[in-house]
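Counting starts at 1 for both ligands and their atoms, following the listed order. Predicted, not measured: the structure shown is a model, and the values here were computed from it.
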Amino acid sequence: MTARIVAVSELSRFVNEPVTLRGWLYNRRSSGKLHFLEVRDGSGTAQCVVFKGDVSPELFAAADHIAQESSLEVTGTVREHGKLKGTFELGVSDLKIVNAVTQEYPITPKEHGTDFLMDHRHLWLRSKRQHAILRVRHCIIKAVRDFFDGRDFTLVDAPIFTPNACEGTSTLFETDYHGEPAFLTQSGQLYMEAAAAAVGRAYCFGPTFRAEKSKTRRHLAEFWMVEPEVAFMDLDGDMQLAEDFLAFIVQRVLESRREELKTLERDTALLEKVQSPFPRITYQQAIEYLQKNGHPEAKVGDDFGGDEETVISNQFDRPVIVHRYPLDLKAFYFKRDPENTALALNMDVLAPEGYGEIIGGGQREDDLAVLEAAITHHKLPKEAFEWFLDLRRYGSVPHAGFGLGIERSVAWICGLPHVRETIPFPRMLNRLSP
Ligand code: 4AD
Ligand code: MG
């Protein structure tokens with residue numbers, strides 16, 4: 001009788017048939033004539049029951065000594081679990097160790113400290129919780145692509161090495177590019193502005209870098225950002241796009257990652273509320289709200305830190321869009337509000353439940369002279385921005401876009417306290433390894 005090789009996730013289709021699972025030993029317990037091996041294979045975990053009467057004495061003895069995370073192949077007959085309806089297990093007839101571990105696996109079911117787990121991130125990824133996060137992350141990224149692809153955007157990849165400081169000079173990683181200084185990109189936006197003038201609706205999705213000196217639960221040195229940019233779109237259109245986009249992503253995760261959200265003990269009732277329309281308030285209104293709610297010192301001109309963002313967003317059960325910040329707080333490229341030129345036509349989207357800013361964007365300055373003056377005002381090197389100014393020389397149009405940080409979105413949707421678990425191998429102020 002030859003057994004077919006199947007994945008744990010497929011077991012329900014092979015009841016009463018012989019199959020082989022290939023994976024790693026997640027956990028093991030014994031009771032007299034039975035050994036229970038919990039085997040994980042990436043698609044899930046399955047209980048494999050070794051009954052003394054079914055296998056040779058050697059195999060039965062060996063099954064009692066397999067160490068956690070040894071790789072193995074288990075053959076047996078699929079059956080429904082005695083007590084758990086809809087759960088399938090294997091009655092083992094044969095078992096082969098592919099590779100026994102060479103030393104004791106460092107991550108045991110007991111509690112470990114964060115630093116220890118971070119040092120062992122390459123192994124920590126094997127745990128059920130991390131697996132669930134990885135799958136939600138994948139689902140979010142797929143939804144991001146499906147959303148823009150479905151709206152006829154063209155994916156235009158932005159470069160990683162760049163001469164341009166898009167988001168200010170204080171968080172740049174500088175590298176030596178064949179004797180010339182080059183920066184790791186902080187944002188693909190400037191390139192997407194070129195792309196929008198070429199294809200109308202463009203987006204990029206890739207890693208971006210910030211030499212953040214801040215050690216917070218929201219900051220990474222390397223994070224993934226998706227950045228749409230649209231020609232002939234204004235700030236209102238931008239806010240609408242951001243709103244539709246977030247509602248779409250959350251809906252997709254709710255539809256297709258219920259099991260993972262359950263593993264993460266996420267309160268999905270809160271996610272169900274993430275539907276259009278989102279509340280929109282001005283920066284001015286946000287300041288007034290802060291003054292009345294525990295931050296009497298708040299005044300126009302202040303930037304919002306994590307605490308302020310939490311207070312502002314806690315009034316709402318879904319993401320809130322805050323628009324028109326003082327120009328001085330923002331990067332050089334924003335268009336001024338024609339109603340009040342001290343304000344930028346920008347917007348930030350703050351996630352609920354204290355997760356803070358997940359989207360930043362707005363309408364871009366499309367006037368050549370105003371943009372040139374802004375570049376000078378921000379003390380940016382004009383030569384490096386000549387190509388960007390060309391976009392205003394050759395058929396400039398109103399345009400807008402935004403950037404969504406994937407990791408902060410994963411943290412929010414999964415309900416995680418810190419961004420470090422949202423990316424497979426986080427890069428932070430004090431962490432470059434593994
Ligand atoms: O607000 P930011 O800096 O906006 C931009 O970079 C624009 N150029 C985007 C655009 O308009 N095309 O960053 C956008 C988002 C933030 O809202 C946040 O979600 C994420 O990127 N982000 C970070 N995520 C993790 N760690 C950091 N250090 C982050 N900095 C920004
Ligand atoms: Mg921002």
Side-chain angles (χ1 to χ4, degrees), residues 137 140 144 148 153 156 158 162 164-173 183-196 201-230 233 235 237-239 241-242 245-246 249 283 303-306 308-309 313 319-323 325 329-335 344-351 355-365 388 399-413 416 418-423 426-429 431:
R137 179 185 168 101
I140 290 172
V144 161
F148 291 117
F153 280 64
V156 181
T162 174
N164 300 107
C166 181
E167 295 298 324
T169 49
S170 63
T171 60
L172 288 171
F173 277 112
F183 310 119
L184 298 184
T185 188
Q186 295 168 309
S187 159
Q189 178 195 320
L190 307 185
Y191 298 96
M192 287 312 97
E193 292 189 44
R201 302 157 170 251
Y203 76 100
C204 63
F205 176 56
T208 48
F209 306 84
R210 306 273 169 102
E212 302 275 10
K213 292 289 185 289
S214 34
K215 219 177 151 183
T216 78
R217 60 197 190 88
R218 296 173 183 175
H219 287 93
L220 292 164
E222 179 180 302
F223 62 97
W224 286 65
M225 181 153 56
V226 55
E227 298 179 85
E229 191 73 29
V230 181
M233 186 169 77
L235 179 62
D238 203 33
M239 293 197 273
L241 184 68
F245 174 58
L246 281 179
I249 293 173
Y283 168 90
D303 208 352
F304 302 140
E308 288 84 3
E309 286 177 359
S313 60
V320 53
I321 307 181
V322 185
H323 56 93
Y325 285 56
L329 291 180
K330 290 289 155 187
F332 74 97
Y333 49 71
F334 285 111
K335 190 169 181 65
L345 286 180
N346 82 302
M347 57 120 186
D348 277 356
V349 184
L350 312 184
Y355 281 95
E357 180 201 329
I358 49 172
I359 283 182
Q363 191 171 337
R364 320 308 186 183
E365 183 51 71
F388 186 61
H399 62 288
F402 62 79
L404 167 95
I406 290 293
E407 289 72 21
R408 288 191 193 171
S409 307
V410 174
W412 163 48
I413 293 172
L416 309 176
H418 197 294
V419 287
R420 68 185 158 228
E421 282 181 66
T422 64
I423 183 163
R427 298 291 170 253
M428 295 178 292
L429 193 54
R431 180 160 301 276

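For atom 2 (P) of ligand 1, the nearest non-hydrogen atom of the protein is R210 NH2, 4.0 Å. Atom 1 (O) of ligand 1 has E357 OE2, 3.0 Å as its closest protein atom, hydrogens excluded (heavy atom only). Atom 18 (C) of ligand 1 has as its closest protein heavy atom R408 NH1, 3.6 Å. At the top of the distance list for atom 26 (N) of ligand 1, counting protein heavy atoms only, stands L220 N, 2.9 Å. Nearest protein neighbour of atom 25 (C) of ligand 1, counting heavy atoms only, is R218 O, 3.4 Å. At the top of the distance list for atom 19 (O) of ligand 1, counting protein heavy atoms only, stands I358 O, 2.8 Å.
What you find for P319 and W412 is that their closest heavy atoms are CG-CH2, 3.9 Å. Between T216 and H219, the closest heavy-atom pair is OG1-ND1, 2.6 Å. Here the closest non-hydrogen pair linking Q186 and C166 is OE1-N, 3.0 Å. Contact between T422 and A411 at its shortest, heavy atoms only, is CG2-N, 3.5 Å. The two residues Y355 and R218 come nearest to each other via the heavy atoms O-NE, 3.6 Å.
Counting heavy atoms closer than 4.0 Å to ligand 1, residue I359 contributes backbone atoms (N, CA, C, O) but none from C-beta onward. Residue contacts with ligand 1 for Y333 involve side-chain atoms from C-beta outward but no N, CA, C or O (heavy atoms, distance under 4.0 Å). By the criterion of a heavy-atom distance under 4.0 Å, the side chain of R364, and not its backbone, is placed next to ligand 1. Contacts between F223 and ligand 1 below 4.0 angstrom, taking non-hydrogen atoms only, involve the side chain exclusively.
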message: Working note: D348 + F304, criterion side chain to side chain contact (heavy atoms under 4.5 Å, CB included); need CA distance, chi angles, decisive distance, verdict.
response: CA-CA 11 Å; D348 277 356; F304 302 140; over 6 Å; no
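Within the listing of ligand 1, atoms 11 (O) sit less than 4.0 angstrom from a heavy atom of G361. Close approach of ligand 1 to G360 (heavy-atom distance below 4.0 Å) involves ligand atoms 1 (O), 9 (C), 10 (C), 11 (O), 17 (O). Every atom of ligand 1 is numbered from 1 in the order shown, and the set under 4.0 Å from a heavy atom of G403 is 9 (C), 10 (C), 11 (O), 12 (N), 14 (C), 15 (C). Less than 4.0 angstrom separates some heavy atom of F402 from each of these atoms of ligand 1: 10 (C), 11 (O), 12 (N). Near M225, the atoms of ligand 1 lying under 4.0 angstrom from a non-hydrogen atom of the residue are 6 (O), 13 (O), 14 (C), 15 (C), 21 (O).
Backbone and side-chain nitrogen or oxygen atoms of Q189 are examined, and one is located within less than 3.5 angstrom of a nitrogen or oxygen of ligand 1. On a distance-only criterion, H219 and ligand 1 share no N/O pair closer than 3.5 Å. Checked by distance only, ligand 1 and G362 stay at 3.5 Å or farther apart across all their nitrogen or oxygen atoms.
Between D238 atom CG and M347 atom CE the span is 4.0 Å, to the nearest 0.5 Å. Note that CE of M428 is 6.5 Å distant from CZ of R420, once rounded to the nearest 0.5 Å.
Of all the N, O or S atoms in E357, the one closest to the Mg ion (ligand 2) is OE2.
Less than 6.0 angstrom separates the ring centroid of F245 from the ring centroid of F148. Here F334 and Y325 keep their ring centres 6.0 angstrom or further from each other.
With a 4.5 Å cut-off on side-chain heavy atoms, W224 and R137 count as touching.
The option from Q186, E227, E222 that lies nearest to atom 9 (C) of ligand 1, judged by heavy atoms, is E227. In the candidate list M192, E167, M428, E167 is nearest to atom 5 (C) of ligand 1, counting heavy atoms.
Checking each of L404, L241, I413 against L246 for a side chain to side chain contact (heavy atoms under 4.5 Å, CB included) leaves exactly one that passes, namely L404.
A donor atom on one side chain and an acceptor atom on the other are not found under 3.5 Å apart for Y191 and T185.
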